[in-house]
Every structure is written in structure tokens, then in C-alpha cells.
Amino acid sequence: MLFPEYDIIVVGAGHAGCEAAASAANMGSSVLLVTMNMTTIAQMSCNPAMGGVAKGQIVREIDALGGLSGIISDKTMVQFRMLNRSKGPAMWSPRTQNDRMRFSEEWRLALERIPNLDMWQEMVKEILVENNRAVGVRTALGLEIRSKAVILTNGTFLNGKIHIGEKSFGGGRAGERAATGLTEQLIKLGFEAGRMKTGTPPRVDGRTLDYSKMEEQKGDENPGKFSFSPETQPLKEQLSCWITYTNPEVHDTLKEGFEKSPMFSGRIQGLGPRYCPSIEDKINRFAERQRHQIFVEPEGWKTIEIYVNGFSTSLPEDVQYKALRKIPGFEQAKMFRPGYAIEYDYFPPTQLKATLETQLIENLFFAGQINGTTGYEEAACQGLIAGINAHNKAHEKDPFILKRSEAYIGVLIDDLITKGTQEPYRMFTSRAEYRILLRQDNADLRLTEKGYKLGLASEERMKRVQDKKGQITSLIQELESIRVSADQVNNSLQLIGSATIRDKVNLATLLRRPEITSDSLAQLHPDIAELLGRHHAEVIEQAEIAIKYQAYIEREQKMVERINSLEEFNIRPDFDYDRVKALSAEGREKLKRIRPRTIGQASRISGVSPADISVLTVYLGR
């Protein structure tokens with residue numbers, strides 16, 4: 001027999017598929033990862049970077065739960081930056097530039113080290129369904145492989161179509177064929193499908209660029225990393241990125257190709273990402289702007305290939321080339337490959353449960369761009385949650401669901417299944433109402449225990465987090481109890497431009513001042529420097545944030561407590577909303593379609609009014 005029966009089959013080996021396969025296998029399931037091309041596992045199809053605003057928080061949450069994206073990113077980074085340092089800690093977001101080839105290699109090596117994870121290179125044409133349950137897959141060769149659960153992570157491959165000017169052809173990525181058959185089967189099973197669009201910029205030869213005409217963007221002076229594990233270390237040397245700008249001449253050249261643009265001609269039907277538009281879309285929508293920023297990003301330590309971030313386009317290749325050469329620093333640029341747009345099928349995520357299992361077919365899970373998201377990080381966290389829940393379902397364990405108050409991952413999944421999306425969904429800090437609680441710096445404190453209970457985070461990690469929590473509590477207590485006099489600190493306070501004191505105050509009171517940080521606190525007196533010197537930088541940072549933002553943190557925690565009463569009020573999956581005559585017509589329709597798990601989730605559905613929630617709460621016997 002060519003294949004045994006697996007616990008889980010994962011279809012697709014992008015960021016979602018890799019995290020899904022790794023998490024399920026590391027929890028003890030037998031897993032088969034099926035991909036059309038084993039040489040492009042975890043390919044960075046677009047930019048060679050991980051993290052960024054809100055996305056960096058997601059990568060740290062994946063790591064805290066025991067996923068692998070953070071570790072892989074650290075092992076392959078060529079630059080690290082903490083974005084938004086000038087803002088409050090809720091906005092700080094880690095980001096790495098990565099070596100594209102090394103990233104894919106590290107992911108494959110990590111997967112190969114998991115003994116109960118097998119791989120198979122072929123296209124999946126059909127899901128095997130019996131009695132409305134997924135029981136395996138059928139491949140293009142006609143092989144039937146059985147399993148207890150199936151996770152689809154097809155990315156941009158489902159009926160993928162690539163557009164470059166007036167040319168269009170099937171493909172899931174440049175140089176790779178599209179996946180066919182699955183969409184049609186799922187529609188026959190009763191699923192609703194749609195089309196989305198994304199794009200990528202041209203790649204150029206770095207040897208042909210004049211960096212003297214660009215602004216250098218170096219990494220952080222003291223770089224950090226994603227993973228809380230000691231398995232990875234911060235970079236000792238980094239590669240620079242560069243910044244240049246388009247100009248009116250570039251824009252005029254691009255406009256020459258508008259009549260051949262698939263976006264303007266109507267050949268592309270799918271909606272593209274609002275927050276990452278193509279260059280032609282930018283100059284069309286923001287005609288008053290004389291220039292747009294271009295980030296020049298290296299693709300790795302040794303390669304000469306450069307990613308032209310901000311120049312995503314589907315215009316004809318000759319127009320792309322002509323316009324590129326009018327950007328400062330690109331006058332002699334040689335293009336390796338043109339940019340292109342790609343259209344693909346997705347399935348509106350309101351058809352999913354909070355576990356990412358489909359409502360229509362039991363034991364069938366969707367994760368990644370198939371759910372209408374964009375970005376490696378959004379895909380990876382969905383893969384992790386789908387892998388965890390597919391394992392739990394296969395082994396008759398309770399589902400694993402993160403609340404909006406527990407993680408950005410919880411916000412993302414709740415947004416998808418409750419509100420759906422008509423355009424590629426991207427995570428932002430503004431989407432998280434509890435972002436002061438959901439910071440990137442405390443992801444380990446929030447989630448490691450959950451990962452440990454699942455069997456993903458190691459006991460060593462759990463002990464390290466417990467020790468860290470104890471040290472943070474101890475340091476906060478010391479800062480609140482140690483009092484200093486005017487004689488001890490006033491001279492130093494004057495030097496850093498902070499108001500002097502008359503009476504003794506504790507160190508926590510001084511640290512609450514906006515102009516005083518833990519570093520400047522240490523400069524006030526040798527005894528304070530000695531106290532802080534006994535603690536690790538991460539412990540000091542946590543203590544400082546807890547003290548400075550105490551009032552805001554407590555306010556959000558009270559909000560969470562109020563909302564949790566609704567989140568814990570469950571609604572049966574088979575509840576008959578037609579029996580509740582007082583519901584509005586729109587409210588009843590949305591509730592029947594989305595099937596919210598709790599009153600809290602129901603309250604966030606667009607079209608379900610507060611009056612509907614009141615009626616529903618009364619009816620359910622609140």
C-alpha cells in the first residue's frame with residue numbers, strides 16, 4: 001500500500017501549510033503534506049520580509065504558542081528593525097528582512113526533522129467526502145489517500161491566472177501551474193466562492209543600481225529577534241535597505257501603458273489589497289502626488305537580486321522597464337523578471353467555524369489566502385490554528401479558540417468568520433481593541449502556557465516564562481518600595497530636564513514620568529543602576545511598561561471582563577433563529593448564515609443590531 005491512513009492531510013506548503021503540518025505533527029498526529037513543488041516549500045512569493053505593523057505581533061504570538069515562523073525568520077534574517085519606536089509600546093512592531101532562499105530551505109529542513117510528517121509532490125484534484133465528512137484526498141494521478149481531517153492551504157493557486165499587460169495565462173505563481181478542480185468540487189458541495197487579486201513588483205539586478213542616489217536604511221543598532229527561544233540569536237551584522245522615489249516622469253511613462261493594463265481594461269475582476277496597491281493604482285488614485293516611496297530590498301546575503309517594494313504592477317513588461325529606469329538610482333537597471341498581477345479563487349470565511357473548520361463539511365479546514373487574507377503572517381497563524389484544531393478533532397479533544405482579548409490571532413480569525421471580507425484582509429493594530437494588552441513584547445507571557453498545554457511549547461520554555469514572570473513581579477515591587485530623596489536625585493533630574501522633587505518618592509513614581517525611561521532612571525543614582533543591572537533587559541522592559549501604562553492596562557482589562565460575559569454565553573450550533581420572531585429580517589439572515597458561537601460574536605456581525613442582541617439574549621434566557 002503506497003500510503004497509510006493519516007490523521008491529517010495538509011494541501012499546500014506555503015506559510016499556512018507549513019505551520020499547519022508542523023503543529024499537527026508536533027502534537028502527535030501523523031501528517032501528510034501534499035505540495036505541487038517540493039522545491040518551493042514556504043516560498044516567499046512576494047517581499048523577502050516577515051513582520052511589520054501588527055504582523056510582527058502575529059509572528060511573536062505564533063512563536064509563543066510553539067509555531068516555527070519566528071525561529072525560521074530569525075535564522076534567515078539579514079536585517080532587523082523595530083518599527084514605531086517613537087509611539088507607545090502597543091504600536092511597536094518587529095520586522096525582519098530575510099534571505100529568500102535560506103527561508104525556504106530552513107522551513108523544509110525543519111519539516112524534515114519531524115518524524116511523523118511525510119511529504120508528497122502532486123496536485124490534489126478532489127476532497128474525498130463521505131456523509132458530509134472529509135475523509136481524504138484524490139490526486140491528479142488518481143491516488144486516493146485517506147485521513148481523519150483535511151486542511152486546504154492553497155494560497156493563490158486555485159484557478160490562478162497571471163496578468164502582464166495584455167497577456168494572461170494560468171499559474172499559481174510565475175513559472176508554476178495553477179491548481180484546478182477543487183473550486184468546482186467545493187461549489188458543488190454548496191460552498192460560496194469568489195475571486196481576489198494580488199500582485200508583485202519586478203525584480204532587478206542589484207549590480208546595476210546606483211545606491212549613491214538613494215537613502216540608506218540600516219537595521220537597528222541593537223537588533224532584536226522574533227523568537228523567545230534561545231535557539232536563535234540577534235544579528236551581529238546586517239544588510240542595508242535603500243529608499244528612492246518615483247517622479248512625474250516615471251508616472252507619465254507608466255500612464256502610457258494604462259490602455260493595456262488588465263486592471264483598467266476590466267480583465268481583472270477580483271479585488272486587490274487596499275493597503276498594498278499597484279503603482280498604476282497609486283498614481284491613478286492619488287494623481288495629486290508627485291512621488292511615491294520605493295524600498296529597495298536585498299533578497300539575501302549572497303544574491304544580487306533586488307525586490308523593488310512599492311512598484312507592484314501588471315503593466316506590459318516594456319512599460320515596466322522603461323518606467324523603472326527613470327527612478328533615481330535605476331537609470332542602468334537590468335530587470336530579472338517583470339511584475340505581474342494574479343487572480344485566484346477564495347472562499348468567504350463566514351463559512352468557517354472559529355476553529356477554521358468549515359460549517360458545511362466536517363473535518364475539512366481552510367487556512368491562509370483561501371480565506372481571503374493577504375500576507376505570510378496572516379496565513380501562518382491560520383495554519384497554526386487549523387493544524388491545532390485538526391489534530392484535536394482527529395483525537396476527540398476540545399477545540400482551541402483564542403479570544404480577541406488574548407491575541408491578534410484571535411482578532412484576525414474572529415474578524416474573518418464574523419465579518420467576512422470582500423478584499424484581501426490585512427492585519428493592523430487598529431483592528432485590535434485591546435492592543436495595549438496584546439503587545440509584541442508580552443506574547444510569551446500571554447500565550448506560552450497555552451502552547452505548553454497543547455504540547456507545542458516545550459517545558460523548558462514554560463519554566464523560562466514562569467521565571468520571567470516572577471522576576472518582573474519582583475522588580476515592580478522593588479521599584480514601588482524603594483524611595484529616594486531630593487538630595488539623591490535632584491541634580492540628575494535637572495540634567496535630564498525632569499522636574500526636581502521635594503519629598504521622598506518611590507522609583508515607580510519617577511518612572512511614570514514621560515521623559516524618564518529605565519535607562520535614564522539608572523542614571524539618577526548608582527544604587528538604582530545596581531538594582532536594574534541585576535535584571536535582564538526583557539524583565540526591565542516589562543516592568544517599565546507595566547508601571548508607565550498601569551492605568552491604561554487596568555482600563556482595558558476591565559473592558560475585557562465586561563465583554564467576556566457575552567463571550568461565555570454560548571449559542572447552540574443548531575439554534576433555530578426563525579423561532580425568534582422579534583429579530584430583524586437582516587439580523588436573522590446574517591445569524592443563520594454565520595452561525596455565531598457566542599452572543600459576543602453575534603454582536604459583532606454587520607447587520608445584527610443591538611436590538612437583535614437584546615432580543616436574542618432574552619430569548620436564550622439570560
Checking the side chain of [X] only, and the main-chain atoms of [Y] only, is there a donor and an acceptor separated by less than 3.5 Å?
| X | Y | result |
| --- | --- | --- |
| Gln185 | Leu182 | no |
| Thr246 | Val250 | no |
| Arg108 | Met38 | yes |
| Gln233 | Pro230 | yes |
| Thr96 | Asn98 | no |
| Tyr376 | Gly51 | no |
| Thr418 | Asp415 | no |
| Gln369 | Thr153 | no |
| Tyr340 | Ala174 | yes |
| Lys161 | Ala178 | no |

Report task. Begin with the C-alpha distance, continue with both residues' side-chain angles, and end with the deciding distance and a verdict on side-chain contact (heavy atoms from CB on, under 4.5 Å) for Asp210 and Phe330. Result -> CA-CA 7 Å; Asp210 184 353; Phe330 281 70; over 6 Å; no
Where do [X] and [Y] come nearest, in terms of heavy atoms and distance?
| X | Y | value |
| --- | --- | --- |
| Phe365 | Ala149 | CE1-CB, 4.2 Å |
| Asp99 | Trp301 | OD2-N, 3.0 Å |
| Phe157 | Gly172 | CD2-CA, 3.5 Å |
| Leu438 | Ala432 | CD1-CB, 4.4 Å |
| Ala22 | Leu111 | CB-CD2, 4.1 Å |
| Ala49 | Arg95 | CB-NH2, 3.4 Å |

Would you mind writing out the side-chain donor-acceptor pairs for residues 234-243 within the sub-3.5 Å range, not counting sequence neighbours?
from, atom 1, to, atom 2, distance (Å)
Gln238, OE1, Phe80, N, 2.8
Gln238, NE2, Asp220, O, 2.9
Ser240, OG, Glu216, OE2, 2.6

Go through the side-chain N and O atoms of [X] and [Y] and say whether any donor and acceptor fall under 3.5 Å apart.
| X | Y | result |
| --- | --- | --- |
| Glu122 | Thr139 | yes |
| Asp345 | Thr183 | yes |
| Tyr344 | Asn154 | no |
| Arg435 | Thr429 | no |
| Thr180 | Arg177 | no |
| Thr373 | Gln382 | yes |

Rounded distance (nearest 0.5 Å) linking atom [atom1] of [X] with atom [atom2] of [Y]:
| X | Y | atom1 | atom2 | value |
| --- | --- | --- | --- | --- |
| Lys260 | Ile164 | NZ | CD1 | 14.0 Å |
| Asn247 | Thr244 | CG | OG1 | 8.5 Å |
| Leu189 | Ile127 | CG | CD1 | 9.0 Å |
| Ile370 | Ile151 | CD1 | CD1 | 11.5 Å |
| Leu65 | Leu447 | CG | CG | 4.5 Å |
| Leu186 | Leu152 | CG | CG | 6.5 Å |

Query raised in the report: Yes or no on side-chain contact (heavy atoms from CB on, under 4.5 Å) for Phe336 and Ile306, after CA distance, side-chain angles and deciding distance?
Result: CA-CA 9 Å; Phe336 281 151; Ile306 295 293; over 6 Å; no
Query raised in the report: Can Arg60 be said to sit on top of Phe226's aromatic six-ring, NZ or CZ under 6.0 Å from centre and within 45° of the ring axis?
Result: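 Relative to the ring axis of Phe226, which defines the angle, Arg60 lies outside at least one limit.
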Query raised in the report: Within 45° of the axis and under 6.0 Å from the centre of the six-membered ring of Trp92, does NZ or CZ of Arg439 qualify?
Result: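 Cation-pi check for Arg439 and Trp92: fails.
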Contact between [X] and [Y] at the side-chain level, heavy atoms closer than 4.5 Å - yes or no?
| X | Y | value |
| --- | --- | --- |
| Gln97 | Glu297 | yes |
| Asn371 | Thr421 | no |
| Ser69 | Glu19 | yes |
| Ile71 | Asp63 | yes |
| Tyr307 | Cys46 | yes |
| Phe3 | Trp120 | yes |
| Ile9 | Ile145 | yes |
| Thr198 | Glu343 | no |

Query - Positive for salt bridge (charged side-chain N to carboxylate O under 4.0 Å, His left out) with Glu331, one of Lys322, Lys213, Arg325 - result: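 By the salt bridge (charged side-chain N to carboxylate O under 4.0 Å, His left out) criterion, Glu331 pairs with just one of Lys322, Lys213, Arg325: Lys213.
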Query raised in the report: Counting only heavy atoms not in Glu221, do more than 12 sit closer than 6.0 Å to its CD atom?
Result: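 No, CD of Glu221 has 12 or fewer neighbouring heavy atoms, counting only those of other groups under 6.0 Å.
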Requested in this report: Please work out which of the three classes, parallel, tilted or perpendicular, describes the rings of Phe191 and Phe347, given edges at 30° and 60°.
Outcome: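 Geometry flag for Phe191 against Phe347: perpendicular rings.
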Query raised in the report: Run the side-chain contact (heavy atoms from CB on, under 4.5 Å) check on Leu364 and Glu357 step by step: do they pass?
Result: CA-CA 6 Å; Leu364 177 62; Glu357 183 183 21; 5.9 Å; no
Requested in this report: Let me see the working for Arg337 and Glu305 under salt bridge (charged side-chain N to carboxylate O under 4.0 Å, His left out), right down to the final yes or no.
Outcome: CA-CA 10 Å; Arg337 44 189 166 138; Glu305 191 169 356; 2.9 Å; yes
**Report entry** Stepwise ring-ring contact (aromatic ring centres under 6.0 Å, His included) test for His251 and Phe286
**Finding:** CA-CA 11 Å; His251 298 177; Phe286 309 108; over 10 Å; no
Query raised in the report: In terms of side-chain geometry, is the basic nitrogen of Arg102 or Glu106 positioned less than 4.0 Å from the acidic oxygen of its partner?
Result: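 Answer for the salt bridge query: yes.
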Query raised in the report: Taking NZ, NE, NH1 and NH2 as the nitrogens, is one of them in Arg426 or Glu378 under 4.0 Å from a carboxylate oxygen of the other?
Result: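 Salt bridge flag = no for Glu378 with Arg426.
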Report task. Using side chain to side chain donor-acceptor pair (under 3.5 Å) as the criterion, point out the one residue from His163, Glu280, Lys167 that pairs with Ser314. Result ->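 For Ser314, the side chain to side chain donor-acceptor pair (under 3.5 Å) check succeeds only for Glu280.
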Requested in this report: Please assess Lys75 against Thr232 for the test side chain to side chain donor-acceptor pair (under 3.5 Å), listing each intermediate value before the final yes or no.
Outcome: CA-CA 6 Å; Lys75 287 182 175 180; Thr232 61; over 6 Å; no
Query raised in the report: Who are the side chain to side chain donor-acceptor pair (under 3.5 Å) partners of Thr253, not counting sequence neighbours?
Result: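 Side chain to side chain donor-acceptor pair (under 3.5 Å) check on Thr253 returns Lys326.
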Requested in this report: Please test Met119 against Glu112 for side-chain contact (heavy atoms from CB on, under 4.5 Å), starting from the C-alpha separation and ending with a verdict.
Outcome: CA-CA 9 Å; Met119 289 183 249; Glu112 289 180 355; 3.6 Å; yes
